[in-house]
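In what follows, a single structure is set out as structure tokens and then discussed.
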Amino acid sequence: MINITLPDGSIRELPEGATPMDLAENISKSLAKVAMIAKVNGDDWDLMRPLPGDSSVALVTRKDEEALEVIRHDTAHILAQAVQELFPGTQVTIGPSIEDGFYYDFARDEPFSTDDFAAIEKRMAEIVDADLPFEREEMDRDAAIAMFEKMGESYKAELIRDLPEGETITIYRQGEWFDLCRGPHLPSTGKIGKAFKLMKVAGAYWRGDHRNAMLQRIYGTAWADDKQLKAHLFRLEEAEKRDHRRLGRQMELFHFQEEAQGQVFWHPAGWRLYRTVTSYMRRRLEANGYQEIRTPQLMDRKFWEASGHWDKYRENMFISSIDQEEKILAVKPMNCPCHVQVFNQGQKSYRDLPLRLAEFGSCHRYEPSGSLHGLMRVRGFVQDDAHIFCTVEQIVEEVKAFCELLKSVYADFGFEEPRVKFADRPEQRVGSDEVWDKAEAALRTAAEASGLDFEYNPGDGAFYGPKLDFVVKDAIGREWQTGTIQCDFNLPERLDAHYIGDDNDKHRPVMLHRAILGSLERFLGVLLENYSGKLPFWLAPRQVVIATITSDADPYAEQVLAAMKAAGLNAETDLRNEKINYKVREHSVGKIPVIAVIGRKEAEEGTLALRFLGEEGNKQEVLPLAEAIARLCDDARAPDLKRG
RNA sequence: GCCGGCUUAGCUCAGCUGGUAGAGCACCUGAUUUGUAAUCAGGGGGUCGGGGGUUCGAGUCCCUCAGCCGGCACCA
């Protein structure tokens, strides 16, 4: 007999060779029905796999979050089986579970098409109906390699070869079909259920390396039940509606065209939003000891050679030449080297440090065509960039002040806390280990002191120093880096920046590269998606539409417009010969935060009926004109100004 | 950059196996003067992404280029 300890501490006795399934049945029939896998001494364990002896066992049921991973992984397996049955000659590679679903990468000459999905899904459903047991089998390494080679599954053979010696090789059988797999799996395919759906096909490099062959990846989503699946599909639809590219068109904010790939044409409303954001940032920076500068767009190639960019970043740089001159100029991809030039003018004393130079720096980078994405990844953009020149001793204080400023700015824009990643020294780096020790410690101390909840991103630092990256998610769950702060000991050296210390000697300053919003373009994209286009009043580029009910009210509407404009509000009139229902709908759809309705009554009484976006039904406030404008002006003040 | 898909009116999209283009919304005109999410009627508008080819005939088939979309890779 073996003793099994349950999560509640109780102990059950089971015969030798008993499985977690036996345990579940021993506890209750209903538990046996919903059990998916087990955790044995903390390890994943198939329900039908004999227990190793005395152990502590927890059963994972269909309701548990962890069950989803197993369902998704199993669904990937039946996808692979279905595909191999329907498309003979297709090689299988890997197929893990991922967020919301799974994928499987196949090697096949003919591309898969979404038109194939119906047939594949049908076959998958048949495999579920067949309720094939998943059977675990351990194999000898060489035998496994030989077997997969013989089957023509060279990718699988390669996978086994690369497994560490001594690792147990297991395969899982489901009927005739089997796959190399670590497990765990459900007892049988019937347990998977049918709450899955194939979503898309995509290319993906074998082992994520662009030098390798391109495989065909089929993505799918899978859930515990139909209700969850439907909810997920609904979420996707909703997410699509808040895509900033769609909102940009609907709200007439910006457009792109192929003659200026990756560069934005900002329309009046969009540019007003842009300016609201930059004005806000300017105030915040000035209040926090930054000085704004402006540096050139084009600099001589020699300059970029000195900075190291020509060597390290050349393929991302736009260059320019002119007929009459030999010189080659490069459009700046970053502002940092230019900022060093400003620092280098005249002599700097330790008393000048920290020196914080800020620029709304226009940069251009030749990004790979496949990576361009609306406002999120562009070739021409503006950074809210700044470089802090300071001493090593000042790093902690400066980073801390930066993190606090960043948090406050994000809060003003209504963001949830961004994900923060702390990236330390990469393989390829410059500078001594002592300096790295110091820089990393300083950055970490400062991040902790600022109360940031960050995760480690080992080895992903810049070649010149460690960094903190701030990452937000877009409507479809893709993550984008916005803010960053990076310690740099390298560029000051290369471009010979120095200051005179209190010892009357020359010293190298440290440079902190930092941005809060990152790329203005990207930030605005994220902002739009975050609010589904329903921007808070202070940011809204179109704040008020004055909508008349009858043309008798037109003169009063003009008067209201003039008063609002004089008060600095972004207001416009809608005097069209349309019903008020029509106007309200159109401007609500257009995400105008406030509709000021004017009928005969308001015109006579000198009032305004204010209707606020998002508030259902007849909820409105009727206020005397002056009061209404005062109220709106109060709402229109940026958060930093409200704080006074 | 790589793989796949897509590109038809200002926008969203129809157009079966080839027979010289349609809808809704928007726009314009007229009627309606209207009280909180679409008033009615009429009208104009398209080199079907560019180029090449097959064919008696191409929006539809083939080639090619570009852009966009989805992934992958990239993001110093």
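Each chain gets a letter, A, B and so on, in the order its sequence line appears, and its residues count up from 1.
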Before accepting this row, confirm whether a basic side-chain N of the pair A:Arg207/A:Asp162 lies closer than 4.0 Å to the acidic partner's carboxylate O. yes

Separation of the [atom1] atoms in [N] and [M], to the nearest angstrom:
{"N": "B:rG24", "M": "B:rU20", "atom1": "C1'", "result": "25 Å"}
{"N": "B:rG71", "M": "B:rG53", "atom1": "C1'", "result": "32 Å"}
{"N": "B:rA38", "M": "B:rG22", "atom1": "C1'", "result": "23 Å"}
{"N": "B:rG51", "M": "B:rC16", "atom1": "P", "result": "23 Å"}
{"N": "B:rG18", "M": "B:rG45", "atom1": "C1'", "result": "27 Å"}
{"N": "B:rA58", "M": "B:rG42", "atom1": "P", "result": "35 Å"}
{"N": "B:rC65", "M": "B:rG1", "atom1": "P", "result": "11 Å"}
{"N": "B:rC40", "M": "B:rG5", "atom1": "C1'", "result": "42 Å"}

A:Arg108 to A:Phe112, cation-pi by 6.0 Å centre distance and 45° axis angle: yes

I want to check a possible cation-pi pair here: A:Lys421 against A:Phe454, using under 6.0 Å from ring centre and within 45° of the ring axis as the test. no

Would you indicate which nucleotide in [options] comes nearest to any side-chain atom of [X]?
{"X": "A:Val584", "options": "B:rU36, B:rG35, B:rA73", "answer": "B:rU36"}
{"X": "A:Lys579", "options": "B:rG1, B:rA66, B:rU39", "answer": "B:rU39"}
{"X": "A:Ser588", "options": "B:rA37, B:rG35, B:rA38", "answer": "B:rA37"}
{"X": "A:Ile549", "options": "B:rU36, B:rG1, B:rG35", "answer": "B:rG35"}
{"X": "A:Ala609", "options": "B:rC72, B:rA66, B:rU36", "answer": "B:rU36"}

Indicate, with a heavy-atom threshold strictly under 4.0 Å, whether [X] touches base, sugar-phosphate, or nothing.
{"X": "A:Phe463", "result": "sugar-phosphate"}
{"X": "A:Tyr313", "result": "base"}
{"X": "A:Arg314", "result": "nothing"}
{"X": "A:Lys200", "result": "sugar-phosphate"}
{"X": "A:Gly208", "result": "sugar-phosphate"}
{"X": "A:Lys583", "result": "nothing"}
{"X": "A:Ala202", "result": "base"}
{"X": "A:Pro111", "result": "sugar-phosphate"}

Over how many whole Å does the gap from [X] atom [atom1] to [N] atom [atom2] extend?
{"X": "A:Leu608", "N": "B:rU36", "atom1": "CG", "atom2": "P", "answer": "17 Å"}
{"X": "A:His210", "N": "B:rC75", "atom1": "NE2", "atom2": "C1'", "answer": "14 Å"}
{"X": "A:Asp552", "N": "B:rG35", "atom1": "CG", "atom2": "C1'", "answer": "14 Å"}
{"X": "A:Asp209", "N": "B:rC74", "atom1": "CG", "atom2": "P", "answer": "8 Å"}
{"X": "A:Asp116", "N": "B:rG5", "atom1": "CG", "atom2": "C1'", "answer": "13 Å"}
{"X": "A:Leu613", "N": "B:rU36", "atom1": "CG", "atom2": "P", "answer": "18 Å"}

Stepwise side-chain hydrogen bond (donor to acceptor under 3.5 Å, both in side chains) test for A:Asp179 and A:Tyr104: CA-CA 12 Å; A:Asp179 197 1; A:Tyr104 208 111; 2.7 Å; yes

Under-3.5 Å donor-acceptor pair between [X] side chain and [N] base:
{"X": "A:Glu602", "N": "B:rG35", "value": "yes"}
{"X": "A:Arg217", "N": "B:rC3", "value": "no"}
{"X": "A:Arg377", "N": "B:rC74", "value": "yes"}
{"X": "A:Tyr205", "N": "B:rG1", "value": "yes"}

Taking every non-hydrogen atom, the tightest pair across [X] and [Y]:
{"X": "A:Ala107", "Y": "A:Leu215", "answer": "CB-CD2, 3.8 Å"}
{"X": "A:Tyr410", "Y": "A:Gly483", "answer": "OH-N, 3.3 Å"}
{"X": "A:Leu524", "Y": "A:Leu273", "answer": "CD2-CG, 3.9 Å"}

Any strand counts, and the cut-off is 3.5 Å on both contacts for Watson-Crick or G-U wobble. Which nucleotide pairs with [N]?
{"N": "B:rG42", "result": "B:rC28"}
{"N": "B:rG4", "result": "B:rC69"}
{"N": "B:rC74", "result": "none"}
{"N": "B:rA14", "result": "none"}
{"N": "B:rU20", "result": "none"}

Audit row: A:Met511, A:Val340, side chain to side chain contact (heavy atoms under 4.5 Å, CB included) steps and yes/no: CA-CA 9 Å; A:Met511 233 176 132; A:Val340 179; 3.5 Å; yes

Taking 4.0 Å as the cut-off, does a side-chain nitrogen or oxygen of [X] come that near to OP1 or OP2 on [N]?
{"X": "A:Arg576", "N": "B:rC28", "answer": "no"}
{"X": "A:Gln261", "N": "B:rC68", "answer": "yes"}
{"X": "A:Tyr219", "N": "B:rC72", "answer": "yes"}
{"X": "A:Arg611", "N": "B:rG35", "answer": "no"}
{"X": "A:Ser369", "N": "B:rG1", "answer": "yes"}
{"X": "A:His373", "N": "B:rC68", "answer": "no"}

Go through the steps for A:Phe196 and A:Trp223 under the test ring pair (Phe, Tyr, Trp, His ring centres under 6.0 Å), then give the verdict. CA-CA 6 Å; A:Phe196 59 76; A:Trp223 300 85; over 10 Å; no

Taking the six-membered ring for Trp, are [X] and [Y] ring centroids under 6.0 Å apart?
{"X": "A:Phe265", "Y": "A:His255", "result": "yes"}
{"X": "A:Phe415", "Y": "A:Phe523", "result": "yes"}
{"X": "A:His309", "Y": "A:Phe303", "result": "no"}

Classify every nucleotide of nucleotides 9-16 of chain B by which part a protein heavy atom approaches to under 4.0 Å, writing B for the base, S for the sugar-phosphate alone and - for neither, in 5'-to-3' order. --SS----

Return the 5'-most residue of the pair A:Trp480, A:Ile580 with respect to RNA chain B, ranking by each residue's nearest nucleotide. A:Ile580

Heavy-atom nearest nucleotide on RNA chain B for A:Ile598 versus A:Arg585: which residue maps closer to 5'? A:Ile598

